[in-house]
Amino acid sequence: MSELFYDAAPNATRVAPPRPTEREYPDKPEEVILFGTCVVDLFFPEAGLDAIRLLEREGIRVHFPEAQSCCGQPAWTTGYAREAREVARAQLDILDAGIPVVVPSGSCAGMFRQHYRELFAEEPDTLKRVESLEARTFELTEFLLKVCKVQWQDAGQPTRIALHTSCSARREMNTHLHARELLGTLGNVERINHDHESECCGFGGTFSVRMPEVSGAMVKDKTRSLMDTGADEMVTADGGCLMNINGSLDKQKQSFRGRHLASFLWERVSGEGAV
Amino acid sequence: MSARNNILQKLRSGLVGTTPRPDDFDERLVTEPWQYNPDDRIRQLRTQMEAVHTELYQVTSQNWPEKVAEVLAARNLGNLLHAPGTEHGSQLAEYWQSSGQSVELLTYDRPIEEWKDELFWNVDASVTGTLGAIAATGSLVVWPDRMEPRLMSLLPPLHIALLKASEIEDNLYTFMKRNNWSAGMPTNLLLVSGPSKTADIEQVLAFGAHGPKELVVLILEDA
Amino acid sequence: MNQRIPVTELTSTFRERATGALADQQLRTNFRTAMDSLMQKRADAFPDEDEREGLRELGNRIKARALSQLPDLLEQLEANLTANGVKVHWAETTEEANQIVHSIIEARQGTQVVKGKSMVSEEMEMNEYLADRGIECLESDMGEYIVQLDHEKPSHIIMPAIHKNRHQVARLFHDKLGVDETDDVDELIQIGRRTLRRKFLEADVGVSGVNFAIAETGTLLLVENEGNGRMSTTAPPVHIAVTGIEKVVQNLRDVVPLLSLLTRSALGQPITTYVNMISSPRKPDELDGPEEVHLVLLDNGRSGAFADAQLRQTLNCIRCGACINHCPVYVRVGGHTYGEVYPGPIGKIITPHMVGLQKVPDHPSASSLCGACGEVCPVKIPIPEMLQRLRQENVKSPAEGPKVKDGGAKYSAKERLIWRVWKTLNTSPALYRLFLWGATRFRKLTPSNVGPWTENHTAPVPARRSLHDLARNHLSGNGSAKGGQ
């Protein structure tokens with residue numbers, strides 16, 4: 001963990017942490033924990049299952065601790081730090097086993113890797129456990145690409161897709177780069193850039209209900225950009241954005257839809273699913 | 001207690017028990033990307049300045065007054081503000097006389113208050129010296145003084161600036177160091193990078209917002 | 001234009017103003033076009049990522065070094081400026097700052113003030129304050145002049161009239177100045193030039209802001225493109241500079257990287273047309289320049305942000321506007337929706353310290369925390385972290401003692417209870433699984449209207465079976481369902 005202070009005084013003037021260095025990846029492990037995330041758990045469980053299948057396909061034994069719930073992000077971003085901390089602590093307890101944690105969501109992975117240290121800044125003992133979790137946490141596409149170094153044969157029909165990456169996934173986990181590279185290995189998949197691709201879809205957790213007018217304008221613009229690509233569908237590695245974008249598309253009575261990247265990938269490599 | 005004391009006291013209480021951060025200024029970050037070999041230096045200056053509508057001419061310390069006359073003639077201007085008290089000013093005046101130029105030479109020889117109206121509305125052009133220039137950003141360094149006051153390079157629609165080629169530095173940092181500015185600054189010191197401009201309406205670039213509409217730089221190659 | 005903000009007190013909320021702005025297609029097009037272009041210009045100005053990141057780090061460290069000894073540097077600045085002949089004043093509030101400015105003008109029996117661009121003077125509402133006392137205070141930056149003519153406030157800190165297109169400006173000039181309506185931008189600017197040049201000539205006092213105040217040499221540095229800043233600080237017999245206490249830097253050389261970061265981040269320029277460094281009033285043998293130069297150092301809540309080491313980072317700001325240009329919220333609602341002087345991400349994190357959270361209760365929430373602002377900030381202010389912290393201070397109860405001025409503006413016992421319940425659910429595995437069971441089992445009972453969410457979406461319907469369920473089934477074959485614990 002980077003030390004933000006020049007001197008130890010709590011009121012010392014802070015400087016920005018050093019630029020993150022390129023992450024070093026371990027060899028492919030024998031077993032991992034899947035942290036499903038609350039949104040996937042309740043709304044996109046198939047995506048979670050597809051993530052498990054993708055990992056198993058690489059010969060990895062997947063554990064799914066039953067006691068997992070939510071990473072704590074909704075409360076944290078809304079300002080309820082105390083509530084977020086207790087929920088985070090509960091996750092820390094079940095993710096302590098020392099094996100890699102794979103998360104089918106860049107923003108939840110980012111929560112583990114970037115924000116748990118803020119939540120537990122005043123608990124030195126907990127911080128040690130957080131440090132361990134940070135080092136072991138991988139977003140799904142990152143894990144498949146960098147740790148498993150997957151070599152896939154695309155078993156699907158030719159298709160054109162647009163990729164949306166959540167903002168925290170992009171900025172905290174580089175998920176857009178990993179997902180692009182992974183999709184690039186699939187011979188029959190054409191990825192089409194969309195207008196203002198790096199711009200937020202307007203979800204932002206409780207932002208979408210605290211500021212529905214602004215959030216609504218953002219998601220409307222995002223859905224338009226996505227549909228303008230003429231792609232067959234949108235894929236994303238984040239449940240929150242997916243719920244936001246698909247919910248908006250449904251409200252607009254559009255047939256275009258987004259899908260979780262895990263499900264899309266599983267379909268491509270397994271040859272299962274719609275043809 | 002005074003506002004001053006209140007503010008300082010509040011700030012100090014926020015820093016109790018802390019020490020000032022060290023001065024870890026890394027000058028490589030502001031010099032290394034902005035270094036040029038002698039040939040490229042003028043080219044870099046030219047590219048940067050031309051990108052913001054500045055005209056540059058490479059002349060000599062002997063023939064530059066002719067270029068001034070040419071620039072004025074091309075625009076059909078009636079007068080030119082100059083500083084006869086400077087070396088270049090007197091050189092210009094001599095040329096003007098010897099070659100029988102018709103453009104009227106004006107002199108900024110009284111306090112602004114005594115001829116504000118005329119200076120604001122009726123001066124067509126000015127010619128001033130410069131302290132040098134910065135290649136990286138295409139900037140003239142202008143150090144107004146008694147002979148060439150501050151408004152001389154601002155009010156006339158056309159500003160002609162003389163620049164000695166030997167006074168072009170790679171970047172602001174080296175210029176500052178070489179001239180030891182940190183030891184003391186004049187009343188006013190300016191970096192001028194092109195004619196006055198604005199993009200305040202629809203981001204459309206328009207020149208001559210409040211200052212000169214045109215900037216002409218004469219580079220004295222042998223000086 | 002429903003974006004017009006009269007000088008009178010605002011009574012609407014952020015959301016109400018946002019709703020109006022979002023419905024104004026012309027306004028949205030104006031902003032989208034402008035912000036897209038500004039983002040592109042910044043990107044083009046930093047072609048080398050390593051160079052950019054190195055410079056941002058340096059900028060961050062320079063500002064942190066200045067803040068880590070701010071009181072000492074302010075005293076050094078004062079001492080050096082005083083030695084140079086500049087009079088330094090201190091103001092805790094905008095009211096005090098206005099009084100100081102007014103008394104300087106009064107001492108000269110001045111009636112006309114011409115202003116270079118200054119966001120601090122906007123913060124002070126100096127124009128209105130002086131107008132009430134019979135003094136005309138005219139904006140001279142073209143953009144500022146346009147919004148002042150239309151009795152508006154700037155909608156952007158760098159490009160004040162960015163919400164207007166040329167036709168709107170043409171009509172405004174026609175209506176207010178009696179000139180022929182023209183859509184030619186060059187001509188419009190020349191109209192402004194002629195009108196304002198007379199004002200520069202007549203003005204008794206020139207007012208400006210400051211971009212960097214250099215303690216080492218006692219120098220005020222101003223950047224601009226138009227020349228109105230040089231006019232305001234040179235032509236009138238008195239120059240009053242107003243600035244926030246956070247603008248001081250230690251050494252002259254510190255401005256080299258900061259200047260580069262500022263102009264490249266703001267408009268994608270390698271440098272502005274003018275960098276104007278002022279260190280003293282007119283000396284006895286000089287022929288122009290003001291006889292008096294004053295500097296007013298304004299606190300206005302900045303020391304409140306300074307008191308907290310985390311929030312202190314807000315004061316790194318060099319007012320480039322890059323965070324605004326890259327903000328997906330700002331580009332849609334425009335600057336006036338924020339209802340305060342500083343819009344966009346920087347406005348959201350600095351304004352609460354100035355006016356208190358009760359006055360801007362929605363500021364911290366009006367962000368999806370996408371992080372675009374923090375990514376481009378030239379001095380690396382962790383803007384999302386600041387917003388996040390302000391949210392915490394905003395939902396605290398009075399008993400918890402919020403650490404930001406008028407904090408707790410969004411405190412709600414009911415909302416707190418909801419999050420407590422959420423916490424209980426997510427920390428008790430049995431309860432959580434019960435919740436999953438209920439939600440999937442009774443998914444058809446999900447109400448079709450779930451508050452604000454269903455304004456933009458259909459209601460989300462839980463899946464038939466939770467991932468907990470699916471994973472247990474799937475993994476039971478190889479015995480890993482309860483793995484990990």
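Letters A, B, ... are given to chains in the order of the sequence lines, protein chains preceding strands, and every chain is numbered from 1. This structure is a prediction, so every number in the text was calculated from the model and none was measured.
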Could you tell me whether A:R113 and A:E172 make a salt bridge, using a distance below 4.0 angstrom between a side-chain N and a carboxylate O?
no
Of all of C:E415, C:E393, C:Q69, C:R389, which one pairs up most often with chain A through heavy atoms under 4.5 Å apart?
C:E415
Looking at A:R53 and A:E56, is any side-chain nitrogen of the basic one under 4.0 Å from a carboxylate oxygen of the acidic one?
no
More than 12 heavy atoms from other groups under 6.0 Å of NZ on C:K403
no
Do NZ/NE/NH1/NH2 and the carboxylate oxygens of A:R224 and A:D228 come within less than 4.0 Å?
no
Step through the shown structure and confirm whether more than 12 heavy atoms of other residues, nucleotides or ligands are within 6.0 Å of CZ on A:R257.
yes
Best-contacting candidate, C:A18, C:A372, C:P382, against chain A by heavy atom pairs under 4.5 angstrom
C:A372
Would you call C:E57 and C:R61 a salt bridge, taking side-chain N to carboxylate O under 4.0 Å as the test?
no
Atom pair NE2/CZ of A:H260 and A:F44 - distance to nearest 0.5 Å:
8.0 Å
Please classify the contact of A:H115 with chain C as side chain, backbone, both or neither, using a heavy-atom distance under 4.5 Å.
neither
Between C:Q313, C:E53, C:K380, the one whose heavy-atom pairs under 4.5 Å with chain A are most numerous:
C:E53
Assert top hit (heavy-atom pairs under 4.5 Å, partner chain A, pool C:G371, C:P364, C:A439) equals C:G371
Do NZ/NE/NH1/NH2 and the carboxylate oxygens of C:R15 and C:D362 come within less than 4.0 Å?
no
Heavy-atom distances under 4.5 Å only: say whether C:R312 touches chain A with side chain, backbone, both or neither.
side chain
Is it the backbone or the side chain of A:E83 that comes under 4.5 Å from a heavy atom of chain C, or both, or neither?
both
In terms of heavy-atom pairs under 4.5 Å with chain C, the winner among A:Q91, A:R82, A:H196, A:Q252 is A:H196
So what's closer than 4.5 Å to chain C heavy atoms on A:A88: side chain, backbone, both or neither?
neither
Do you know the tightest heavy-atom contact between C:R443 and C:V461?
O-CG1, 3.7 Å
What part of C:L470 lies closer than 4.5 angstrom to a heavy atom of chain A: side chain, backbone, both or neither?
both
Heavy-atom proximity to chain A below 4.5 Å, by part of C:E400
side chain
Hey, are C:R441 and C:D469 close enough for a salt bridge, meaning a charged N less than 4.0 Å from a carboxylate O?
no
Greatest number of non-hydrogen atom pairs under 4.5 angstrom with chain C, of A:A90, A:P74, A:S107, A:S166, falls to A:P74
Pairs of heavy atoms under 4.5 Å with chain A: top-ranked of C:K423, C:R332, C:R65, C:R416:
C:R332
Honestly, the part of C:S367 sitting under 4.5 Å from a heavy atom of chain A is backbone
Whatever's closer than 4.5 Å to a heavy atom in chain C on A:T78 counts as both
Quick check on A:C201 against chain C: is it the side chain, the backbone, both or neither that has a heavy atom closer than 4.5 Å?
neither
Passes side chain to side chain contact (heavy atoms under 4.5 Å, CB included), C:Q310 versus C:M386? Steps please.
CA-CA 8 Å; C:Q310 186 181 31; C:M386 303 290 100; 3.8 Å; yes
Ranked by heavy-atom pairs below 4.5 Å to chain A, first place among C:G451, C:A463, C:C370, C:P328 goes to C:C370
In terms of heavy-atom pairs under 4.5 Å with chain C, which of A:G48, A:A217, A:G204, A:G36 leads?
A:A217
Pick from A:V40, A:L34, A:L49 with the largest number of heavy-atom pairs that fall under 4.5 Å of chain C
A:L49
To the nearest 0.5 Å, tell me how far A:H176 NE2 sits from A:S198 OG.
8.5 Å
Go through it in stages, so that I can follow the logic: the residues are A:V214 and A:F207, the test is side chain to side chain contact (heavy atoms under 4.5 Å, CB included), and I'd like the CA-CA distance, side-chain angles, deciding distance and then a yes or no.
CA-CA 9 Å; A:V214 185; A:F207 169 72; 4.1 Å; yes
Counting only non-hydrogen atoms closer than 4.5 Å, does C:N394 touch chain A with its backbone (N, CA, C, O), its side chain (CB onward), both, or neither?
neither
Does any backbone or side-chain atom of C:F306 lie under 4.5 Å from a heavy atom of chain A? Answer side chain, backbone, both or neither.
neither
If you tally heavy-atom pairs under 4.5 Å between each of A:E46, A:Q68, A:R170 and chain C, the highest tally belongs to A:Q68
Are A:F64 and C:H474 close enough that their ring centres sit under 6.0 Å apart?
no
With a 4.5 angstrom heavy-atom cut-off, is it the side chain or the backbone of A:I52 that approaches chain C, or both, or neither?
side chain
